[in-house]
Engineer: 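Handing you this structure, nothing more for now.
Note: hydrogens, waters and symmetry copies are ignored here, and every other heavy atom, side chains too, is used. Chain letters run A, B, ... following the sequence lines, proteins first and then strands; every chain starts at 1.
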Amino acid sequence: MIALAQQTLRFTIVLQMMVCLPLAAEAHGSSRQKVTESIEIQAPPCLVWKVAGSFHDMSWLPGVVKTEGEGGDVPDSAHRKLTLQTGAVITESLYKYDAGEMSYSYRIDDVDVKVLPVTNYSSTIIVIPEDGGKTSRVEWRGAFYRGDPNDNPSPELNDDTAIAAVHALYRKGLDSLKQKVELRQKAEATH
Amino acid sequence: MKRIAALTYAALLCPILPAGADEAFTTNQNGDDISVLDLATQKVVATIPVGGKPAGIAMSPDQGFAYVTSTEGKYLSVIDTAARKIVGKAVIPDTPLGVAADPVGRFVYVAGFYGEHLYKIDPHEEKIVAELEVGKAPSGIAVTPDNMLLVTADREDNQLSLIDTETFTRKAIVKTGQHPFGVTIDAARHRVYAADVESDDVAVVDYQSAQLVGTVKVGKRPYAVALAQDKAFVTNQYAGTVSVFDLNTLQPLKTISVGDYPEGIEASFDGKMIYVANWFSNEVWAIDAIALKVVAKMPVGDGPRAFGLFLRHTP
């Protein structure tokens, strides 16, 4: 998605095995970072939620060619596998879903730090009504540790790199979401 | 109950202790500083730069000093709470996380997260006077009000270490749920409550018999526990909630929505209020401990963790 290394799927898997990241472990030698990006969309929240609110449809995120998974939108049961253009794969689990509030939260179970240089990543997407429900604001929030949670990480796995990567991912995703929703809004308005 | 013990102790030390506006000292890990939040006016009245990514905090029994661990800086800062100034610093040879002050104002204990050691520190001399090997990834620490026992949550070993403070040796190990983190003492029931981050529950341990006596299911990714009104209040980081359960029956009472990634939690000295530091949304929320309702939302600095005892009873 960002800083995507041009590698084959097989190479990615080999790398993952070699790196062997302690993904489940929260590391406190490093400190947890956070990133929020938001965007205004000229469409009602329900329409935005229709596009962004399905855990099993990440087609609005550039670079994702396939979303596969099971468990619907049920927290703890729902898991998805995103396949990127490069062949890299990211697996994620849903842990909170609130259709009323129009938000969901998920965590990354497995990602190569060459694809996204973070560990122990969790994230929330929320659609907030604006202008009395005529327009929307979408926020994408992430909490994570850097790619290498140990002391003295290399530059490509430090805090700054992790923060920049997540900012870039969210920016790209939200810009694309806006474009997609507003096109759909226009199309529905002209019919 | 712990509060009652703390109050009794404070009353012994300073017989005249007028009810003042208490303060919250939030360790803002992302902002590298501490916000001093006046809980009466609900405003930040001072910001103390500490650096090194502050996380853990403890107060001296006379409330005159705050002890703050900086996880990346690898030091313990001694802060004069009234002057809002750093007055001392002890270097820790590991990533320090949990910190606790003994109830007699003599020693401070710090958990070294990677080296599996507990450090006993003389904060006046600013040096380590003893160290003890505990379990893997010691996180939260607490001392009983009678100063007899010290408890560490050894996160990666899924256990609590019970340590005799006088001999500074470990006398028992008690298994908990997965990844215990924050620990809180309930002296009246001789229990310690540990928030098990990975198994989404709270382990209830009798520290006299060194037995696990109960497990209470809470929300996703619990972090720490506060006690008031015969109830436990547990922050759930992923859920964005506080779980409330009854200390006598260990039955759940209510789940209260709070800010994003709630972490540090502590009861006010009169036991009427619960204060929650919300790490992601940069706010301290107040919950009425009797009505079980959110009554205030107060902005603080960036990334408040407030891991430990962060409330200061002002003179």
Engineer: If I measure from the heavy atoms of chain B, does A:Arg107 come under 4.5 Å with its side chain, its backbone, both, or neither?
Structural biologist: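 For A:Arg107, the side chain is the part near chain B, not the backbone.
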Engineer: Measure the spacing between OH of B:Tyr114 and CG of A:Asn150 and express it to the nearest 0.5 Å.
Structural biologist: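 One gets 5.5 Å once the value is rounded to the nearest 0.5 Å.
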Engineer: Once rounded to the nearest 0.5 Å, what's the spacing between atom CD1 of A:Ile126 and atom CG of B:Asp260?
Structural biologist: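 Rounded to the nearest 0.5 Å, the CD1-CG separation comes to 8.0 Å.
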Engineer: Would you give the length of the straight line joining atom OG of A:Ser122 to atom CD of B:Gln237, rounded to the nearest 0.5 angstrom?
Structural biologist: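 If I round to the nearest 0.5 Å, the distance is 8.5 Å.
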Engineer: Taking all atoms of both residues into account, what is the closest heavy-atom pair of A:Val35 and B:Phe280, and its distance?
Structural biologist: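 Heavy atoms of A:Val35 and B:Phe280 come nearest at O-CZ, 3.7 Å.
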Engineer: Around atom NZ of A:Lys50, are there more than 12 heavy atoms of other residues, nucleotides or ligands at under 6.0 Å?
Structural biologist: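 12 or below, so no.
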Engineer: Give, as side chain, backbone, both or neither, the part of B:Asp94 having an atom under 4.5 angstrom from any heavy atom of chain A.
Structural biologist: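 Contact with chain A is absent: no heavy atom of B:Asp94 under 4.5 Å.
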Engineer: How long is the span from the CG atom in B:Asp32 to the OG atom in A:Ser31, to the nearest 0.5 Å?
Structural biologist: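 The distance works out to 8.0 Å.
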Engineer: Is it true that, when you exclude B:Lys254 itself, more than 12 heavy atoms of the residues, nucleotides or ligands shown sit nearer than 6.0 Å to its NZ?
Structural biologist: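 Atom NZ in B:Lys254 is packed in, count exceeds 12.
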Engineer: Shortest non-hydrogen contact from B:Lys74 to A:Asp151?
Structural biologist: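 Taking B:Lys74 first and A:Asp151 second, the nearest heavy atoms are NZ-OD2, 2.6 Å.
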Engineer: Within a reach of under 6.0 Å around NZ of B:Lys297, are more than 12 heavy atoms found that belong to other residues, nucleotides or ligands?
Structural biologist: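 Counting other residues, nucleotides and ligands, NZ of B:Lys297 stays at 12 neighbours or fewer.
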Engineer: Tell me whether the count of non-hydrogen atoms from other residues, nucleotides or ligands lying under 6.0 Å of NZ in B:Lys136 goes above 12.
Structural biologist: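 Result for NZ/B:Lys136: open.
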Engineer: Let me know if B:Ala239 has heavy atoms under 4.5 Å from chain A in its side chain, its backbone, both or neither.
Structural biologist: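 For B:Ala239, backbone heavy atoms alone lie under 4.5 Å from chain A.
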Engineer: Within a 6.0 Å radius of atom CD on A:Gln179, are there more than 12 heavy atoms belonging to other residues, nucleotides or ligands?
Structural biologist: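 No.
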Engineer: With a 4.5 angstrom heavy-atom cut-off, could you sort out which part of A:Lys34 is near chain B: side chain, backbone, both or neither?
Structural biologist: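 For A:Lys34, heavy atoms of backbone and side chain both lie under 4.5 Å from chain B.
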Engineer: Would you say A:Arg32 and B:Tyr261 make side-chain contact, with heavy atoms under 4.5 Å?
Structural biologist: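 SC-SC contact between A:Arg32 and B:Tyr261 confirmed.
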Engineer: Which bit of A:Ser105 is near chain B, if near means a heavy-atom gap under 4.5 Å: side chain, backbone, both or neither?
Structural biologist: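 Neither the backbone nor the side chain of A:Ser105 comes within 4.5 Å of chain B.
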Engineer: Counting heavy atoms not belonging to B:Lys217, are there more than 12 under 6.0 Å from its NZ?
Structural biologist: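 Enclosed: over 12 neighbouring heavy atoms sit under 6.0 Å from NZ of B:Lys217.
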Engineer: Can A:Asp159 and B:Lys53 be counted as an ion pair, charged N to O under 4.0 angstrom?
Structural biologist: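 Salt bridge absent between A:Asp159 and B:Lys53.
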Engineer: Is the shortest heavy-atom distance from the side chain of A:Lys96 to the side chain of B:Thr241 under 4.5 Å?
Structural biologist: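 Heavy-atom side-chain distance check fails, nothing below 4.5 Å.
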